[in-house]
Amino acid sequence: MDHFLYRDGALFAEDVAVADIAAEVGTPFYVYSTATLLRHFRLFDAALEGMDHLVCYAMKANSNQAVLRTLAQAGAGMDVVSGGEYQRARAAGVPGERIVFSGVGKTQAEIRTALEGGIRQFNVESEPEMAVLDATARALGKVAPITIRVNPDVDAKTHAKIATGKSENKFGIPIARAREVYRMAAAMPGLEVVGIDVHIGSQLTDLEPYALAYGKVAELTEALRADGHVIRRLDLGGGLGIPYERSNADPPLPSDYGALVKRTLGHLGCEIEIEPGRLIAGNAGLMVSEVIYVKSGEGRDFLILDGAMNDLIRPAMYDAWHDIIPVVEPAAGVERAPIDVVGPVCESGDTFARQRMMPPLLAGDLVAFRSAGAYGAVMSSEYNSRPLIPEVLVHGDQFAVIRRRPTFDEMINRDTIPEWL
Ligand code: LLP
């Protein structure tokens with residue numbers, strides 16, 4: 001459920017008409033709903049009730065300061081994957097003890113920043129990283145709390161580019177070698193082992209891969225405890241999917257996921273961390289765009305928008321589906337026809353949807369891409385010298401621009417011309 005609904009024929013974000021935002025900020029833009037962000041965070045929080053837990057929002061999904069502050073004030077921790085994300089989390093007011101640091105290639109500088117600023121734990125992904133972490137912590141006179149990310153060799157049954165839990169993926173340490181690597185970690189004075197980490201992929205629409213992976217983590221927990229390690233925390237990653245195509249989807253709910261966690265791991269008495277990103281932010285955002293032209297091609301028509309692949313890359317990159325709806329509600333029973341929805345960027349990949357059944361639209365009409373709150377703005381670029389589009393946050397009947405559109409001058413002046421030119 002989200003808070004983007006038609007009221008008297010006009011699309012609203014909570015209590016604000018989307019067309020009013022468009023009139024003020026111009027198109028294209030992203031708009032996020034505070035109520036939806038909070039609702040999704042609280043669903044996860046409630047799903048783990050009864051277990052000691054922390055929901056660490058995977059801020060790679062949407063790292064705008066206002067989004068982070070909204071979630072942090074509700075009690076969320078953060079999962080960060082770079083020094084930049086760490087700094088963003090801190091700038092939004094998240095204390096170090098609520099930040100977990102994931103990622104397969106943390107640099108020594110990033111590790112140092114987090115050790116100095118305070119960190120809940122590092123999720124270590126390789127032996128060389130472990131050695132650098134140990135050395136860096138010792139040089140600073142600190143002890144780094146760690147989990148080791150294990151790769152359970154489970155098929156997450158998701159898009160190949162976002163599956164992470166198979167042995168051929170670059171992530172984590174093969175679970176078969178975990179006991180050996182934990183033994184190495186225990187011998188390093190700069191490290192304190194606190195638990196185990198696992199993340200098998202993103203946009204999972206089936207709980208079975210989680211059940212398999214968490215079953216393996218439960219076995220490993222007992223084996224490591226028998227080896228003498230203190231395993232008191234389990235970081236279970238993120239990845240729960242969302243219904244991108246509403247007419248045709250029924251993914252598991254956070255409550256189903258929570259029940260699975262309790263069933264597979266509850267008996268171990270560990271503190272549970274989860275790292276959801278998409279399910280918190282995805283359906284809390286729209287990308288709103290204006291129709292520039294409707295073009296008749298040979299055998300097919302094109303709806304040419306002012307938004308493009310640089311603003312929302314998911315369709316080009318993952319063949320992702322986003323529901324596209326008109327901001328003015330189509331009349332009941334209006335006839336829909338297939339059309340290709342495209343942006344103005346000079347490559348054929350700049351196609352949001354092929355032969356999508358859409359109601360009639362004209363130049364100047366507004367359309368909204370649903371489920372664009374996660375991996376939308378954060379993955380955008382200025383390709384074709386198109387300035388990054390603004391982000392807007394709605395809260396009840398209020399809205400605020402939370403990242404404005406840069407001017408062309410600002411964009412151009414980031415370049416510098418060497419003195420010989
Ligand atoms: N934890 C770790 C270690 C991760 O690598 C990820 C996502 C998450 C948590 C959060 O997963 P989520 O709950 O959001 O599924 N750009 C792609 C998705 C990439 C996901 C990368 N890792 C997309 O637009 O579909």
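Note that ligands are numbered from 1 as they come in the structure, with each ligand's atoms numbered from 1 the same way. Throughout, numbering of the chain's residues begins at 1 and tracks the sequence.
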Honestly, for Glu275 the part within reach of ligand 1 (heavy atoms, under 4.0 Å) is both
Honestly, for Thr164 the part within reach of ligand 1 (heavy atoms, under 4.0 Å) is neither
* **Ring centroid separation Phe41 to Tyr57 under 6.0 Å** => no
For Met379, the atoms of ligand 1 under 4.0 Å from one of its heavy atoms are 16 (N)
Residues Arg233, Glu192: salt bridge by 4.0 Å N-O rule: no
Legend entry - Salt-bridge contact Arg98-Glu273 (side-chain N to carboxylate O under 4.0 Å): no
One finds that the ligand 1 atoms under 4.0 Å from a non-hydrogen atom of Gly238 are 9 (C), 13 (O)
In this structure, does ligand 1 have an atom that sits under 4.0 Å from one of the heavy atoms of Met317?
no
Q: Indicate yes or no: does an N/O atom of Ala58 lie under 3.5 Å from an N/O atom of ligand 1?
A: no
Note: Arg314, heavy atoms under 4.0 Å from ligand 1, region reported as side chain
Atom 17 (C) of ligand 1 has as its nearest protein heavy atom Tyr318 OH, 3.1 Å
I'd like to know if Arg246 and Asp2 make a salt bridge, using a cut-off of under 4.0 Å between side-chain N and carboxylate O. yes
Tell me whether Arg370 contacts the main-chain N or O of Ile324 through its side chain, where contact means a donor paired with an acceptor under 3.5 Å. no
- Before accepting this row, confirm whether a basic side-chain N of the pair Glu382/Arg414 lies closer than 4.0 Å to the acidic partner's carboxylate O. yes
Atoms of ligand 1 under 4.0 Å from any heavy atom of Gly277, numbered from 1 in the order shown, are 12 (P), 13 (O), 14 (O)
So for His159 against ligand 1, with non-hydrogen atoms under 4.0 Å, the contacting part is neither
Open item on the list: With a 4.0 Å cut-off on N to O distance, would you call Lys60 and Glu85 a salt bridge?
Closed with: no
Per-atom filter on ligand 1: closer than 4.0 angstrom to a heavy atom of Gly239 are 11 (O), 12 (P), 13 (O), 15 (O)
*Using distance alone, decide if ligand 1 has a nitrogen or oxygen within less than 3.5 Å of any nitrogen or oxygen in Ser102.*
no
So for Lys60 against ligand 1, with non-hydrogen atoms under 4.0 Å, the contacting part is side chain
Ligand 1 atoms nearer than 4.0 angstrom to some heavy atom of Ile162 are 17 (C), 18 (C), 19 (C), 25 (O)
Nearest heavy atom to atom 18 (C) of ligand 1, choosing from Gln203, Met59, Glu125, Arg278, belongs to Arg278
Short version for Ser202: what comes under 4.0 Å of ligand 1, heavy atoms counted, is both
Ring centre gap for Phe352 and Phe369 strictly below 6.0 Å: yes
Salt bridge or not for Arg356 and Asp340, using N-O below 4.0 Å?
no
Between Asp153 and the options Lys216, Arg177, Lys166, the salt bridge (charged side-chain N to carboxylate O under 4.0 Å, His left out) test singles out Lys166
